[in-house]
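For reference, the structure is listed below as structure tokens.
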Amino acid sequence: MKNKIKKLFVVSALALLAACVSPTRLNFSCDDPTIDIYIDGEYAGKALVNYVFPNSKQDVVVTCYDGGKEVYRRTFSKEGHINNELIELPIVHDLRYSSGGRKSKTY
């Protein structure tokens, strides 16, 4: 009986240790294939990028560029995300803002 308890304890401890040291992976996705995705200032790819957090890192800055122009920037933390989570990067093109004035239509 003591032998079974020891084995159970060792297996439980190893499983807990493996869970603590397993890397956190986030997947960043962008529907627009022309967008360049950068992670912490380094080019990571287009469309779908997989990022594995090093043990020493807690957060990462994701920046997207369209033709050299920054169109998205956000910091993602390792905490609050599940492993292998897919994060959609919302890129909005050609936003045009109203001046607030109303123009009357003429017919």
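Shown here for Lys78 and Asn55, the closest heavy-atom pair between the two residues is NZ-O, 3.9 Å.
Tracing side-chain contacts under 4.5 Å through hydrophobic residues (I, L, V, M, F, W, Y), one reaches Tyr65 starting from Tyr43; they form part of the same cluster.
When the options Phe76, Tyr38, Tyr72 are evaluated for a ring-ring contact (aromatic ring centres under 6.0 Å, His included) with Phe28, the one that passes is Phe76.
Val52 has its side chain within reach of Arg25: a pair of non-hydrogen atoms, C-beta onward, lies under 4.5 Å apart.
The side-chain hydrogen bond (donor to acceptor under 3.5 Å, both in side chains) search around Asp40 returns Lys57, not counting sequence neighbours. The salt bridge (Lys or Arg N to Asp or Glu O under 4.0 Å) test applied to Asp36 returns Lys46, not counting sequence neighbours.
The distance from atom NE2 of His81 to atom CG of Asn27, rounded to the nearest 0.5 Å, is 12.0 Å. Taking CG of Leu26 as the start and CD of Glu85 as the end, the distance is 6.5 Å to the nearest 0.5 Å. Here Thr24 contributes atom OG1 and Glu79 contributes atom CD; the two are 7.5 Å apart, rounded to the nearest 0.5 Å. Here CD1 of Ile37 is found 14.5 Å from CD of Glu42. Values are rounded to the nearest 0.5 Å. For the atom pair Ile35 CD1 and Cys30 SG, the distance stands at 5.0 Å (nearest 0.5 Å). Residue Ser29 holds its OG atom at 7.0 Å from CG of Leu89, rounded to the nearest 0.5 Å.
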Starting from the C-alpha separation in whole Å, work towards a yes-or-no answer on side chain to side chain contact (heavy atoms under 4.5 Å, CB included) for Ile91 and Asp66.
CA-CA 9 Å; Ile91 307 299; Asp66 183 14; 5.8 Å; no

Given Arg73 and Thr63, is the side chain to side chain contact (heavy atoms under 4.5 Å, CB included) satisfied, shown in steps?
CA-CA 4 Å; Arg73 176 183 289 266; Thr63 312; 3.7 Å; yes

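Within a 6.0 Å sphere centred on CG of Asp31, heavy atoms belonging to other residues, nucleotides or ligands number 12 at most.
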